Amino acid sequence: MPPSPSTIDLHTHTTRSDGLLTPAAIVRAAADAGVRLLAITDHDNLAGYREVVAAGAVPPGITVIPGVEINAIVARELGVWEGELHILGFGLDPSDATLEATLSAQRGRRRERFERTVARLRELDLPIDEHLAELSDSDDDALGRPTVARALIAAGHAASVEDAFGRLIGWGMPGYIPRTGLGPVEAIEAIRAAGGIAVLAHFGEASSRVEVIRELVDAGLAGLEVHYRSFDAATVFAVGEVALALGLLATGGSDYHGDTMTYAEAHAGLWIPPEVGERLLAALERRP
């Protein structure tokens, strides 16, 4: 259990990618839970951040910073989960046209993978088309496998998101379709070019894969997600030691999507020391 309610959450998802809460709803839920520094980190999409700012939907007392999560493809065999490393970006310029073009291309690849997954499930006699009827063919949000998993549940083909991944659409399962898109170095470069700080997300094996992280540091990686909600205390300590040894910023977050609990329930299990937010904001202030 955390020593006290966390005032920081630097990893959340909204309906602009594969979360269940709208951007305004997650900001409100975080504010109600006591969060004072929040990052919306939708997959390949900054639209959620732009939406809440444009609508004036940020309540007093909470600071929302622009963020993104890029699922980067590892081109060579490193033994990492699903052949991916997830790169978070913080403090990017939400109006950067080059970044938006890069993220738009990523979203296009996500849409293609999504459609191929639906087709594969149809071939497996696990159709979910009618449960995706509300999605537009021109939908440019960053569609992900959680959306497929929810449709599988609605169609009676899976009992939960975890079950859907574990039996049907996870790595090596019958409905799995490989991802295409940016590699880790390309993702880091895109984030940095837009004025952001790049952080490696939920890499619990950091202490045994330091050589991988060193390569990313050479490419401009600036941080590690140390205080990830599902990490146990030993993992937090181990990942934190790697961050300290390599001079990387420690970040943390709930990675909230909304499938299994309310935001308040997820927040109750989240602890991020206040200095994490202070150091991140200071690093953002020091950017050229």
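Just so it is clear, the structure is predicted and the values come from calculations on it, not from any experiment.
Here the closest heavy-atom approach between residue Ile188 and residue Gly220 is recorded as CG2-C, 3.7 Å. Closest approach of Phe231 to Phe203, counting heavy atoms only: CZ-N, 4.0 Å. Between Leu152 and Ala164, the closest heavy-atom pair is CD1-CB, 4.0 Å. Contact between Asp96 and Ala193 at its shortest, heavy atoms only, is OD2-O, 4.1 Å. When every heavy atom of Val74 is checked against every heavy atom of Pro184, the shortest pair comes out as CG2-CG, 4.3 Å. Scanning all heavy atoms of the two residues, the minimum distance from Arg145 to Trp171 falls at NH1-N, 4.2 Å.
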*May I have the step-by-step check of side chain to side chain contact (heavy atoms under 4.5 Å, CB included) for Val148 and Ile128, ending in yes or no?*
CA-CA 8 Å; Val148 175; Ile128 57 173; 3.8 Å; yes

_What verdict does the side chain to side chain contact (heavy atoms under 4.5 Å, CB included) test give for Val35 and Ile62, after you've listed the backbone C-alpha separation in whole Å, the side-chain angles of each residue and the deciding distance to 0.1 Å?_
CA-CA 7 Å; Val35 172; Ile62 184 171; 4.2 Å; yes

_I'd like to know whether Glu112 forms a salt bridge (Lys or Arg N to Asp or Glu O under 4.0 Å) with Arg110, so could you lay out the CA-CA distance, the side-chain angles of the two residues, the decisive distance to 0.1 Å, and finally the verdict._
CA-CA 5 Å; Glu112 179 183 350; Arg110 278 181 166 271; over 6 Å; no

*Decide side chain to side chain contact (heavy atoms under 4.5 Å, CB included) for Leu10 and Ile65; before the verdict, give the C-alpha distance in whole Å, the side-chain angles of both, and the deciding distance to 0.1 Å.*
CA-CA 9 Å; Leu10 300 172; Ile65 62 175; 4.2 Å; yes

*asked:* Assess the residue pair Leu132 and Thr147 against the criterion (side chain to side chain contact (heavy atoms under 4.5 Å, CB included)); give the C-alpha distance rounded to whole Å, side-chain angles, the decisive distance to 0.1 Å, and a yes or no.
replied: CA-CA 9 Å; Leu132 299 171; Thr147 305; 4.2 Å; yes

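Atom CG of Leu221 is separated from atom CZ of Arg192 by 9.5 Å, given to the nearest 0.5 angstrom. Here the CG atom belonging to Leu216 is positioned 6.0 Å from the CG atom belonging to Leu85, to the nearest 0.5 angstrom. In this structure, Ile70 CD1 and Thr102 OG1 are separated by 8.0 Å, a value rounded to the nearest 0.5 Å. Interatomic distance, Leu92 CG to Ile191 CD1, rounded to the nearest 0.5 Å: 6.0 Å. With rounding to the nearest 0.5 Å, the separation of OG1 in Thr14 from NE2 in His257 is 10.0 Å. To the nearest 0.5 Å, the span separating CD on Glu100 from CG on Asp44 amounts to 10.0 Å.
Between the Asp42 side chain and the Asn45 main chain, no donor and acceptor come within less than 3.5 Å of each other. Formation of a donor-acceptor pair under 3.5 Å by the Arg287 side chain with backbone atoms of Leu284 is found in this model. Of the possible polar contacts, none joining the Ser207 side chain to the Val239 backbone as a donor-acceptor pair under 3.5 Å is found. Judged by distance alone, with hydrogens and angles left aside, the side-chain atoms of Gln106 form no donor-acceptor pair with the main-chain N or O of Gly181 at under 3.5 Å. No donor-acceptor distance shorter than 3.5 angstrom exists from the side chain of Arg229 to the backbone of Leu270, with no hydrogens or angles considered. For the pair Arg113 (side chain) and Ile177 (backbone), a donor-acceptor distance under 3.5 Å is present. Not one N or O on the side chain of His267 forms a donor-acceptor pair closer than 3.5 Å with the backbone of Ser254. No side-chain donor-acceptor contact under 3.5 Å links Arg111 to the backbone of Leu143.
Classified by interplanar angle (parallel below 30°, tilted 30° to 60°, perpendicular above 60°), the ring pair His11/Tyr228 is tilted.
Residues Glu84 and Ile73 have side chains in contact (heavy-atom distance under 4.5 Å, counting atoms from C-beta outward). Here the side chains of Leu46 and Leu99 are in contact, with some heavy-atom distance below 4.5 Å. Counting only heavy atoms from C-beta outward, the side chains of Thr260 and Glu162 approach each other to under 4.5 Å. Val210 places a side-chain heavy atom less than 4.5 Å from the side chain of Val242. The shortest distance between side-chain heavy atoms of Asp141 and Thr15 does not fall below 4.5 Å.
Both Val161 and Phe114 are part of a single hydrophobic cluster, where members link through side-chain heavy atoms under 4.5 Å apart. Side-chain heavy atoms closer than 4.5 Å link hydrophobic residues (I, L, V, M, F, W, Y) into clusters, and following such links, even through other members, never connects Val199 to Val212. The same ILVMFWY cluster, assembled from side-chain heavy atoms under 4.5 Å apart, contains both Val27 and Tyr49. In the hydrophobic cluster analysis, where Ile, Leu, Val, Met, Phe, Trp and Tyr join through side-chain heavy atoms closer than 4.5 angstrom, Val68 is grouped together with Leu224. Phe90 and Leu249 fall within a single hydrophobic cluster, where Ile, Leu, Val, Met, Phe, Trp and Tyr are joined by side-chain heavy atoms under 4.5 Å apart, directly or via other members.
Residues forming a side chain to side chain donor-acceptor pair (under 3.5 Å) with Ser6 (at least two apart in sequence, or on another chain): none. When the salt bridge (charged side-chain N to carboxylate O under 4.0 Å, His left out) test is applied to Arg122, the partners found at least two apart in sequence or on another chain are Asp129. Under the salt bridge (charged side-chain N to carboxylate O under 4.0 Å, His left out) criterion, Asp18 pairs with no residue at all, not counting sequence neighbours. Not a single salt bridge (charged side-chain N to carboxylate O under 4.0 Å, His left out) links Glu285 to another residue, sequence neighbours left out. Evaluation of the salt bridge (charged side-chain N to carboxylate O under 4.0 Å, His left out) rule for Asp93 yields no partner, not counting sequence neighbours.
Residues Asn71 and His43 have side chains that bring a donor and an acceptor to within less than 3.5 angstrom of each other. With 3.5 Å as the limit, one finds a donor-acceptor pair spanning the side chains of His13 and Glu69.
Within a 6.0 Å sphere centred on CZ of Arg279, other residues, nucleotides and ligands contribute 12 heavy atoms or fewer.
The salt bridge (charged side-chain N to carboxylate O under 4.0 Å, His left out) analysis of residues 244-272, with sequence neighbours excluded, yields the pairs Arg150-Asp259.
Under the side-chain contact (heavy atoms from CB on, under 4.5 Å) rule, Leu121 has a single partner from Asp125, Thr117, Val118, which is Thr117.
Between Asp32 and Arg28, at least one side-chain nitrogen of the basic residue sits less than 4.0 Å from a carboxylate oxygen of the acidic one, meeting the salt-bridge criterion.
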